[in-house]
Enquirer: 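The structure is given below, and queries will be raised subsequently.
Ligands are counted one by one from 1 in listed order, and the atoms in each one are counted from 1 as well. Index from 1, following the sequence. This structure is a prediction, so every number in the text was calculated from the model and none was measured.
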Amino acid sequence: MSNPATPPALGVLDERPPLTFPPGFLWGAATAAYQIEGAAAEGGRTPSIWDTFSHTPGRVVAGHTGDVACDHYHRLDADIALMAELGLKSYRFSVSWSRVQPGGSGPANAEGLDFYQRLVDRLLAHGIEPWLTLYHWDLPQPLEDAGGWPARDTAGRFADYTRLVADALGDRVRYWTTLNEPWCSAFLGYGSGVHAPGRSNGADAVRAGHHLMLGHGLAVQALRAARPSAEVGVTVNLYPVTPASDSPADADAARRIDGLANRFFLDPLLRGSYPADLLADLSTVTDFGHLRDGDLAVISSPLDLVGVNYYSRHVVAAPVDGVAPEKYWRSPSCWPGSEDVRFVTRGVPVTDMDWEIDAPGLVETLRRVHEEYTDLPLYVTENGSAFVDAVVDGRVDDTERLAYFDAHLRAAHEAISAGVPLRGYFAWSLMDNFEWAWGYTKRFGMIYVDYDSQARIPKSSARWYAEVIRRNGLAAQ
Ligand code: FCB
């Protein structure tokens, strides 16, 4: 692991050469259903765990919910027109399970599917490649009531739902992501409980993680059967995990957190096994009674691509007797069995989420996936930053967000130069939206959303990104 070198300060854009990306590089932007659609009770949609969670007092900042969100469900045409203005080559969106299969079982809801059919048709009409994510955290509530992801049956339900979506959209959608960030679903949803469904039990988090991956494997098989030409992948959120010092104890803390954050998913998905050290670490949490013969073969079903979401780095230190774990942006209870590891802040620039800005970490992450795990094409399926935005004279000049994108695109290019088969990049996010437990208080969009009027204002970063897409790269500075 490299040392946690201080990343260059953002905002200081010194002389930098122009950079050109490989021909056909897929420039995109991403969103997720619950974060933008609204229309929570329309068109036959039933509640998901995020509806229940956001309507539970105290769970989401200021009691915000996704009931209306960006009202994208009713503003599809205008939003796609904005995407076309930006020149997006691809748009990554997610399908709301409870919109297309209300309650999470039974037949498809034609009205729900119709929304996604219109979305896909209109994207294609504008020459924008649809990139469909099947699961971005919004489990239908009845499936949670029946046990949620800690219950094995949920994996099979996910495969059934996948079949419905593949039958309806598989003729027009080429790129498919099964799960978005299973770490968050498992460890924030069932470990720390800061995400829906808000349960807090380490063993359940570990079971959830396994069943999410099992659901992924079954969904891959369902997609292959329904649409042999589909390009199928999964999106994982990865972090370089760096020890705070050279001490063996800090190195061990980094090994443990790397196991839970990264290898818990990468190893089963891409190698068909759990790392032995991770199993040993987790033996105090669970007896792994949920693992069945054959699961890992399903989980490691061959893929066509891997999606990487990258936001920041973890710097960690060993527990110190009598010293409380340092306060950081993750609750200790999302690290089952390693709750005592300290997450260290380095004092480098942070975003409005308090996430440290670390573009070199993107190079490290992409190289690791390629060099240690797979030759498959890689895509950055999310990368971006929240900053406080101000509308001045009808404009939003988001220089910090722009600098964040610039630094990370330079990092992406560096990874390509180092031999990583990186084929595309999706900015998070197309527009400001419901940022989960933070509600509407954190803005990640390239397009500003005025939640009172639902007006959209492309920020400076959006105009800049349009130019990046047009040039297929970055201008000299
Ligand atoms: C990722 C999520 C995405 C958004 C960004 C900021 O973890 O996939 O929905 O919340 O973080």
Enquirer: Just which atoms of ligand 1 are under 4.0 Å from any heavy atom in His136?
Expert: 2 (C), 3 (C), 8 (O), 9 (O)
Enquirer: Is it true that Asp160 and Arg163 have a side-chain N and a carboxylate O under 4.0 angstrom from each other?
Expert: yes
Enquirer: N/O of Glu181 under 3.5 Å from N/O of ligand 1, yes or no?
Expert: yes
Enquirer: Ignoring hydrogens, just give me the one of Glu382, Glu435, Met353, Gln35 whose non-hydrogen atom is nearest atom 9 (O) of ligand 1.
Expert: Gln35
Enquirer: Answer yes if the ring centres of Trp50 and His55 are under 6.0 angstrom apart, and no otherwise.
Expert: no
Enquirer: Pull out every atom of ligand 1 sitting under 4.0 Å from any heavy atom of Asn180, numbered as shown with elements.
Expert: 8 (O)
Enquirer: Closer than 4.0 Å to some heavy atom of Trp436 - which atoms of ligand 1 meet that?
Expert: 3 (C), 4 (C), 9 (O), 10 (O)
Enquirer: I need the contact type for Asn237 against ligand 1. Using non-hydrogen atoms and a strict under-4.0 Å cut-off, is it side chain, backbone, both or neither?
Expert: neither
Enquirer: Taking the six-membered ring of Tyr73 as reference, does the NZ or CZ atom of Arg99 fall below 6.0 Å from its centre and within a 45° cone about the axis?
Expert: yes
Enquirer: Less than 6.0 angstrom separating the ring centers of Phe264 and Phe187, yes or no?
Expert: yes
Enquirer: Using a strict threshold of under 4.0 Å (side-chain N to carboxylate O), is an ion pair present between Asp71 and Arg75?
Expert: yes
Enquirer: Inspect the contact between Arg367 and Glu372 and indicate whether a charged nitrogen and a carboxylate oxygen are less than 4.0 angstrom apart.
Expert: no
Enquirer: Looking at Phe444, which atoms of ligand 1 are within less than 4.0 Å of one of its heavy atoms?
Expert: 6 (C)
